[in-house]
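To start, the structure under review is shown below, and the notes come after it.
Just so you know, these numbers come straight off a predicted model, no measurement behind them. Below, each value reflects all heavy atoms present in this structure, side chains not excepted, and no hydrogens, waters or symmetry copies.
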Amino acid sequence: LPENKFMSPLLATDEDLRKFPPSFVAGCALDPLLDDAVMMGHRLNRANIPLTFKVYQGLPHGFLSFARLVDEVVPPTEDCLGWLRVKLAPRMQEMDVEDSDASKK
């Protein structure tokens with residue numbers, strides 16, 4: 001069982017959580033760690049961290065690993081990637097990094 005807050009963020013203190021960046025927490029209905037995801041979402045909310053929290057029905061833990069194999073995994077994967085694009089786009093522009101999707105058009 002992890003005892004390190006960097007390996008298991010549920011072990012982080014409230015003070016640590018207040019330093020977290022905006023967060024996306026994806027829980028899955030078939031995930032044995034769903035309760036942990038819900039608990040983490042509540043803790044981030046209490047710490048006033050901007051949070052997007054979603055629970056995906058019918059998906060297991062590690063669903064992102066199946067993104068190219070199972071059609072049902074594509075929409076939640078796009079949710080995660082879309083959130084990251086929005087959050088990282090300003091930083092990527094600062095670094096002058098081109099969006100790979102935009103460069104394909």
Side-chain angles (χ1 to χ4, degrees):
L1 197 62
E3 296 181 12
N4 182 314
K5 65 185 176 186
F6 297 107
M7 294 294 292
S8 183
L10 280 175
L11 298 175
T13 65
D14 289 343
E15 182 180 337
D16 291 333
L17 288 178
R18 286 191 286 278
K19 298 173 188 173
F20 270 46
S23 299
F24 184 101
V25 175
C28 300
L30 301 178
D31 187 347
L33 299 176
L34 176 58
D35 291 344
D36 289 358
V38 171
M39 201 177 333
M40 190 67 193
H42 286 304
R43 291 197 63 209
L44 290 168
N45 266 332
R46 282 197 315 269
N48 293 316
I49 300 302
L51 174 67
T52 300
F53 181 83
K54 296 190 177 201
V55 175
Y56 297 103
Q57 299 302 313
L59 294 179
H61 182 84
F63 72 91
L64 291 172
S65 300
F66 306 117
R68 295 178 182 233
L69 302 172
V70 180
D71 290 340
E72 292 80 11
V73 176
V74 173
T77 300
E78 284 300 318
D79 286 347
C80 296
L81 293 175
W83 186 90
L84 283 169
R85 281 186 197 107
V86 168
K87 298 299 179 190
L88 295 177
R91 181 70 177 129
M92 290 173 66
Q93 288 173 351
E94 288 173 13
M95 296 169 50
D96 198 26
V97 175
E98 207 173 287
D99 182 345
S100 63
D101 285 344
S103 66
K104 293 177 186 174
K105 294 179 183 175

Return the [atom1] to [atom2] distance between [X] and [Y], rounded to the nearest 0.5 Å.
X: S23; Y: L44; atom1: OG; atom2: CG; value: 5.0 Å
X: F63; Y: T77; atom1: CZ; atom2: OG1; value: 5.5 Å
X: L10; Y: M7; atom1: CG; atom2: CE; value: 13.5 Å
X: N48; Y: L17; atom1: CG; atom2: CG; value: 11.5 Å

>> If the test is side-chain contact (heavy atoms from CB on, under 4.5 Å), which one of D14, V25, V38 qualifies with R43?
In response: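 Per the side-chain contact (heavy atoms from CB on, under 4.5 Å) rule, the option paired with R43 is D14, out of D14, V25, V38.
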>> Please check this pair: side chain of S8 against backbone of F6, looking for a donor-acceptor N/O pair closer than 3.5 Å.
In response: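 Pair absent, no side-chain N/O of S8 close to backbone of F6.
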> Do any N or O atoms from the side chain of N45 and from the backbone of H42 form a donor-acceptor pair under 3.5 angstrom?
Replying inline: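 Not a single qualifying donor-acceptor pair exists.
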> Any link between F66 and L34 through a network of hydrophobic side chains (Ile, Leu, Val, Met, Phe, Trp, Tyr) touching at under 4.5 Å?
Replying inline: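 No.
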> Can M40 be reached from L33 by stepping across I, L, V, M, F, W or Y side chains whose heavy atoms are under 4.5 Å apart?
Replying inline: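 No: no chain of side-chain contacts under 4.5 Å links L33 to M40.
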Extract all donor-acceptor atom pairs below 3.5 Å that involve side chains of residues 52-60 and protein atoms in other chains or at least two apart in sequence.
residue: T52; atom: OG1; partner: W83; partner atom: NE1; Å: 3.2
residue: Y56; atom: OH; partner: D79; partner atom: OD2; Å: 2.7

>> If the condition is side-chain contact (heavy atoms from CB on, under 4.5 Å), which residues does L30 pass it with, not counting sequence neighbours?
In response: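 Residues passing side-chain contact (heavy atoms from CB on, under 4.5 Å) with L30: none at all.
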> Hydrophobic cluster mates of L11, side-chain heavy atoms under 4.5 angstrom, ILVMFWY only, any path?
Replying inline: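 Reading the cluster by chain and number, L11 sits alone, since nothing else belongs.
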>> So which atom in A67 and which in V74 form the shortest heavy-atom distance, rounded to 0.1 Å?
In response: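 That would be O-CG2, 3.8 Å.
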>> Using every non-hydrogen atom in the two residues, find where H61 and P32 come nearest and quote the distance to one decimal.
In response: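 Heavy-atom minimum between the residues: CB-CD, 4.5 Å.
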